[in-house]
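Throughout, a chain's letter reflects where its sequence line sits, starting with A, and its residues are numbered from 1.
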2 protein chains.
Amino acid sequence: MGKRIFSKFLKERRQRFTKEREGILQKILSSRGHFDPESLYLKIKETGLKASRASVYRTLNLLCECGLIERVKKTEHGTIYEHTSVHEHHDHMLCMECGNIIEFYSENLEKLQEGICKRQGFQGVSHSLEIRGYCKKCQKKKRS
Amino acid sequence: MGKRIFSKFLKERRQRFTKEREGILQKILSSRGHFDPESLYLKIKETGLKASRASVYRTLNLLCECGLIERVKKTEHGTIYEHTSVHEHHDHMLCMECGNIIEFYSENLEKLQEGICKRQGFQGVSHSLEIRGYCKKCQKKKRS
DNA sequence: ATTGGAATTGAGAATCAGTCTCAATTGAAC
DNA sequence: GTTCAATTGAGACTGATTCTCAATTCCAAT
């Protein structure tokens with residue numbers, strides 16, 4: 001579980017695994033898919049947990065540093081995160097109509113990346129492919 | 001040349017091809033590679049051209065709408081643009097050490113995208129692949 | 001348990017990119 | 001030249017995120 005990893009990470013840096021941090025982590029782990037800081041903050045308030053916006057942001061940065069979550073994308077409305085602990089690496093399709101994000105994984109893409117890097121003498125560490133377009137639902141809507 | 005396209009685009013919308021807009025477009029076209037609004041604004045001031053920050057931002061939005069430039073990426077320091085008029089579609093490698101951006105194009109990647117979309121019933125319109133890692137120079141630096 | 005000091009917290013101030021407002025200016029068409 | 005809508009620039013505003021700092025909390029050594 002992520003709690004172990006996070007508290008170990010903090011201990012190593014002589015930092016503390018506080019109630020606030022625990023609450024924030026729990027809320028993140030207990031929800032599916034992508035999230036943004038503001039919604040997370042509101043969800044936390046709803047639940048009666050306490051944590052200020054500042055703490056939410058601070059904790060998100062810590063969780064990124066220890067690899068439990070990842071910044072997926074910066075948009076005009078802020079940063080989108082996702083937790084890495086559950087699912088493996090994948091890429092995204094973004095519906096330009098409804099904003100929905102679809103995850104996918106392609107082994108061929110991974111191999112292709114390696115090839116491209118080798119050719120350029122670039123040492124690839126990670127990548128992200130975003131495909132923009134229209135999801136099934138929105139294609140139908142458009143037709144009618 | 002981009003000037004034609006832009007002024008036509010504006011005329012169609014009953015908008016004006018002003019000195020300011022012309023100056024901004026020229027500065028963009030006369031420089032290579034990627035740019036950000038603030039640097040562009042400063043470069044314009046340097047040159048003695050006049051255009052406020054507001055006009056720069058407004059013009060960048062117009063140029064995006066008419067397809068002469070594209071938003072490449074949002075970073076913590078703002079949006080990075082590039083002009084599309086010159087070079088064709090390509091993707092990016094981003095050096096995590098020096099921040100340098102390397103462009104590349106892969107036909108295989110284009111085909112792969114099509115395949116991935118077809119499989120998911122997603123109507124792909126465009127994509128961007130960003131590979132993060134270390135460029136040749138920075139790999140050498142790290143070794144020594 | 002008590003204490004001391006370092007880490008953390010929350011409220012709000014500060015920052016920063018980008019947009020908006022609005023009065024003054026410009027320009028195309030009559 | 002007159003007219004009127006489009007444009008401009010300065011600065012106010014917004015929204016996301018970070019920073020500040022006094023008050024609080026936690027750990028660890030006494």
Q | B/Asn61 side-chain N/O to C/dT19 phosphate OP1/OP2 under 4.0 Å | A |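 Answer yes for this pair, as a side-chain N or O of B/Asn61 is under 4.0 Å from OP1 or OP2.
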
Q. Does B/Thr18 make a side-chain N or O approach to OP1 or OP2 of C/dT26 shorter than 4.0 Å?
A. no

Would you mind classifying the nucleic acid contact of [X] as base, sugar-phosphate or nothing, using non-hydrogen atoms under 4.0 angstrom?
X	value
A/Lys19	sugar-phosphate
B/Arg58	base
A/Lys11	nothing
A/Asp36	nothing

Q: Let me see the working for B/Arg21 and B/Ser55 under side-chain hydrogen bond (donor to acceptor under 3.5 Å, both in side chains), right down to the final yes or no.
A: CA-CA 8 Å; B/Arg21 286 175 181 168; B/Ser55 288; over 6 Å; no

**Q.** 5'-most by nearest nucleotide on DNA chain C - B/Arg16 or A/Arg14
**A.**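 The residue closer to the strand's 5' end, by nearest nucleotide, is A/Arg14.
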
Q.
For A/Gln15 and B/Ala54, find the nucleotide of DNA chain C closest to each by heavy atoms; which residue's nucleotide sits nearer the 5' end?
A.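 The answer here is A/Gln15.
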
Whole angstroms only, please: what is the [atom1]-[atom2] distance between [X] and [N]?
X	N	atom1	atom2	value
B/Glu22	C/dG27	CD	P	12 Å
B/Leu10	C/dA28	CG	P	12 Å
A/Arg53	C/dA13	CZ	P	14 Å
B/Lys74	C/dG18	NZ	P	6 Å
B/Tyr57	C/dG18	OH	C1'	5 Å
A/Arg13	C/dA6	CZ	C1'	15 Å

(Q) Any residue in residues 43-50 of chain B with a heavy atom nearer than 4.0 angstrom to DNA chain C? Just list them by number, or reply none. (A) none

Q: Over all heavy atoms of both residues, which pair between A/Lys3 and A/Phe17 is shortest? Give the atoms and the distance, please.
A: CG-CZ, 3.4 Å

Q.
If you compare all heavy atoms of A/Cys66 against all heavy atoms of A/Phe6, which two are closest, and at what distance to 0.1 Å?
A. SG-CD1, 4.0 Å

**Q.** Validation row: B/Phe122, A/Lys136 side chains within 4.5 angstrom (heavy atoms)
**A.**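 No. Closest side-chain heavy atoms not under 4.5 Å.
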
Q | Outermost DNA chain D nucleotides near chain A [under 4.0 Å, heavy atoms] | A |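 Extent of the interface on DNA chain D: D/dA16 to D/dC26.
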
(Q) Quick one: does any side-chain atom of A/Glu20 pair with a main-chain N or O of A/Leu49 as donor and acceptor, under 3.5 Å? (A) no

Q: Using atom types as modelled and distance alone, determine if a side-chain donor or acceptor of B/His83 lies under 3.5 Å from a backbone N or O of B/Leu68.
A: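 No; judged by distance alone, with no hydrogens or angles, the pair does not exist.
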
Q) So does B/Arg32 pair up with B/Glu82, basic N to acidic O under 4.0 Å? A)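 No.
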
Q: Output yes when A/Glu22 and A/Arg16 qualify as a salt bridge under the 4.0 Å nitrogen-oxygen rule, no when they do not.
A: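 Salt bridge absent between A/Glu22 and A/Arg16.
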
Q: On the 0 to 90° scale, with breaks at 30° and 60°, tag the B/His90-B/His92 ring pair as parallel, tilted or perpendicular.
A: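 The arrangement is perpendicular - the two ring planes meet at more than 60°.
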
